[in-house]
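Lettering follows sequence order; numbering is per chain, from 1. Everything quoted here is computed from the prediction, not taken from an experiment. Computed over heavy atoms, backbone and side chain alike; hydrogens, waters and symmetry mates excluded.
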Number of protein chains: 2
Amino acid sequence: MGDEKTTFRDVKAELLRRITAQLWAPGALVPGEVDLATEFGVARATVNRAMRELTEEGLLERRRKAGTRVRPSPLRAARFEIPLVRAEIEAGGRAYGYRLIGRAVMAAPGWLAARLSLAPGTRVVHLTCLHSADGAPYQFEDRWISLAALPGAGAEGFETIGPNEWLIRAVPFSEVEISFLATAAAGEVAAALGYGEGEPVFTAERTTWWQGQAITHVRLSFARGHRMTTRY
Amino acid sequence: MGDEKTTFRDVKAELLRRITAQLWAPGALVPGEVDLATEFGVARATVNRAMRELTEEGLLERRRKAGTRVRPSPLRAARFEIPLVRAEIEAGGRAYGYRLIGRAVMAAPGWLAARLSLAPGTRVVHLTCLHSADGAPYQFEDRWISLAALPGAGAEGFETIGPNEWLIRAVPFSEVEISFLATAAAGEVAAALGYGEGEPVFTAERTTWWQGQAITHVRLSFARGHRMTTRY
DNA sequence: GGGCTGGTTATGGTCAGACAAATAGGCGGG
DNA sequence: CCCGCCTATTTGTCTGACCATAACCAGCCC
């Protein structure tokens with residue numbers, strides 16, 4: 001009794017233990033899959049899966065023939081989930097609010113055309129809006145949508161539906177570049193979020209492509225005290 | 001000739017194509033593993049791996065007996081690699097510089113003891129230092145190390161080796177919570193990085209544990225214009 | 001000595017078959 | 001009508017065998 005199956009999870013946990021306890025020093029070569037399979041009494045595929053996952057997590061380094069070694073300085077990557085504002089707010093049990101501040105159709109300004117590789121004179125929709133949580137300003141959104149890529153955006157008023165939710169439905173699977181930075185509050189941003197001029201604002205910029213074509217660029221300014229947090 | 005093996009990569013690519021081309025609508029049930037295995041002429045394990053990876057990437061949702069469906073709104077997560085400052089600077093082909101500004105041993109202040117769950121009166125090392133790239137200030141580091149967890153930090157002067165590099169060697173595998181935020185430049189930070197008082201500063205805060213015990217807390221302030229960028 | 005070549009070996013991946021675990025949805029009892 | 005049990009179905013995982021691919025290294029030729 002009690003001798004249950006050893007799963008790849010068990011193997012992974014034990015390998016992780018040996019790595020963190022430094023039984024296997026950083027940079028050291030660890031036993032081959034076959035040896036470990038014998039030791040744990042499992043198939044090689046099982047050891048393989050355990051080691052593959054540890055490699056994905058940045059703890060091991062593997063090369064054919066060269067074998068597997070413990071990463072000298074573990075390459076750690078933090079994962080941030082990028083939720084819809086609405087989902088983020090409602091997940092915290094607060095009421096989500098949306099208000100459109102401005103909407104205009106115009107030829108893309110130079111910096112935007114450059115950023116999105118748009119042909120000169122391409123028309124775009126420019127939107128500014130405010131997302132709030134329990135009535136308090138939460139995030140100011142300054143968005144540009146290329147009408148060349150999404151003609152439908154010209155017909156949508158965005159009075160009740162936020163541009164991000166509209167976009168998710170129009171283009172669900174896209175390629176994204178996102179940046180976080182600190183900016184100084186000014187003008188509309190300061191007014192909408194209640195900042196004094198020049199106050200530091202945590203800001204995200206996101207550009208989205210679909211099938212190689214630029215769709216939209218957005219600058220998101222967060223309310224005072226906002227943090228982007230994760231564990232790893 | 002020409003009929004090469006279909007790998008799990010091929011299957012994955014084709015499934016991805018069907019998802020992004022919306023042949024399978026968001027929320028729709030996709031065929032079961034057995035059906036797909038038949039269709040592609042591969043083993044079920046191969047389809048399984050393809051679908052498992054797509055699930056990890058947030059494109060599919062799987063439940064036993066209920067089957068696999070396309071995620072209604074794809075849950076996308078951005079990965080940020082968190083490199084050593086030195087590696088980050090040298091990767092850009094610039095010369096790395098390090099300077100210790102201040103070093104003191106003291107009883108942990110209240111906020112720190114609370115943050116790290118330290119017993120009252122626990123002694124800590126407080127370090128401030130500056131990392132530079134090609135001579136220009138790059139990052140100001142304000143670090144606290146618990147002597148309860150790492151007595152060795154009391155003996156190290158940190159004159160030539162940065163605390164992060166020292167710590168990586170002392171505690172290579174740790175649990176980390178990291179936050180990004182925007183702060184106002186003031187005092188030492190402003191002086192070291194050449195900011196005016198109150199200017200916005202992109203800041204990271206990181207707390208590190210090892211085996212459940214808090215090791216260190218650090219606030220990293222970046223030079224003007226710094227961005228944290230990634231694609232996904 | 002230097003460079004090419006092929007053998008050896010570790011990881012990468014596929015396969016077919018089997019069993020385990022979870023659970024949606026039907027069935028029966030109250 | 002509602003609730004709880006059963007079962008068929010679907011994904012999850014393991015096995016042991018096999019072939020593929022990369023690369024270290026020894027030995028050969030020049």
field: Plane angle bin for W166(A) and F158(A) - parallel if under 30°, tilted between 30 and 60°, otherwise perpendicular
entry: perpendicular
task: Would you confirm whether the ring centroid of F80(B) sits within less than 6.0 angstrom of the ring centroid of F80(A)?
output: yes
message: Just to verify, which of E53(A), E33(A), E56(A) counts as forming a salt bridge (charged side-chain N to carboxylate O under 4.0 Å, His left out) with R62(A)?
response: E33(A)
message: Would you say R44(B) places a side-chain N or O within less than 4.0 Å of OP1 or OP2 belonging to dC15(C)?
response: no
query: Within this structure, what is the CD-to-P distance between E33(B) and dT14(C), rounded to whole angstrom?
result: 14 Å
task: Could you tell me the separation between the CG atom of N48(A) and the P atom of dC15(C), rounded to a whole number of Å?
output: 16 Å
message: At less than 4.0 Å, is any side-chain N or O atom of R63(B) found next to OP1 or OP2 of dA24(C)? Yes or no.
response: yes
query: Atom CZ of F40(B) and atom C1' of dT14(C): how far apart are they, to the nearest Å?
result: 16 Å
- prompt: When you match A66(B) and F8(A) each to their closest nucleotide on DNA chain D, which lands nearer the 5' end?
  reply: A66(B)
Nucleotide dG12(D), atom P - distance to CD of E61(B) in whole Å: 12 Å
message: Between the side chains of E165(B) and R169(B), is the shortest nitrogen-to-carboxylate-oxygen separation below 4.0 Å, so that they form an ion pair?
response: no
Minimum-distance nucleotide (side-chain atoms of R64(A) versus dT21(D), dC18(D), dA18(C)): dT21(D)
- request: Establish, with yes or no, whether the OP1 or OP2 oxygen of dT10(D) is under 4.0 angstrom from a side-chain nitrogen or oxygen of T68(B).
  value: no
task: Tell me, with the steps shown, if S132(B) and R99(B) meet side-chain hydrogen bond (donor to acceptor under 3.5 Å, both in side chains).
output: CA-CA 8 Å; S132(B) 55; R99(B) 186 163 61 83; over 6 Å; no
message: Just the rounded figure in Å: distance from P of dT15(D) to CG of L36(A).
response: 14 Å
- line: To the nearest angstrom, the NZ-P distance between K65(A) and dT11(C) comes to 10 Å
query: Taking the side chain of T46(A) as its heavy atoms from C-beta onward, which of dT15(D), dG12(C), dT14(C) lies nearest to it?
result: dT15(D)
message: I need the NZ-C1' distance between K12(B) and dG12(C), as an integer number of Å.
response: 15 Å
- prompt: What does V42(B) touch in the nucleic acid at a heavy-atom separation under 4.0 angstrom: a base, only the sugar-phosphate, or nothing?
  reply: sugar-phosphate
message: Without decimals, in angstroms, what is the distance between L54(A) CG and dT11(C) C1'?
response: 15 Å
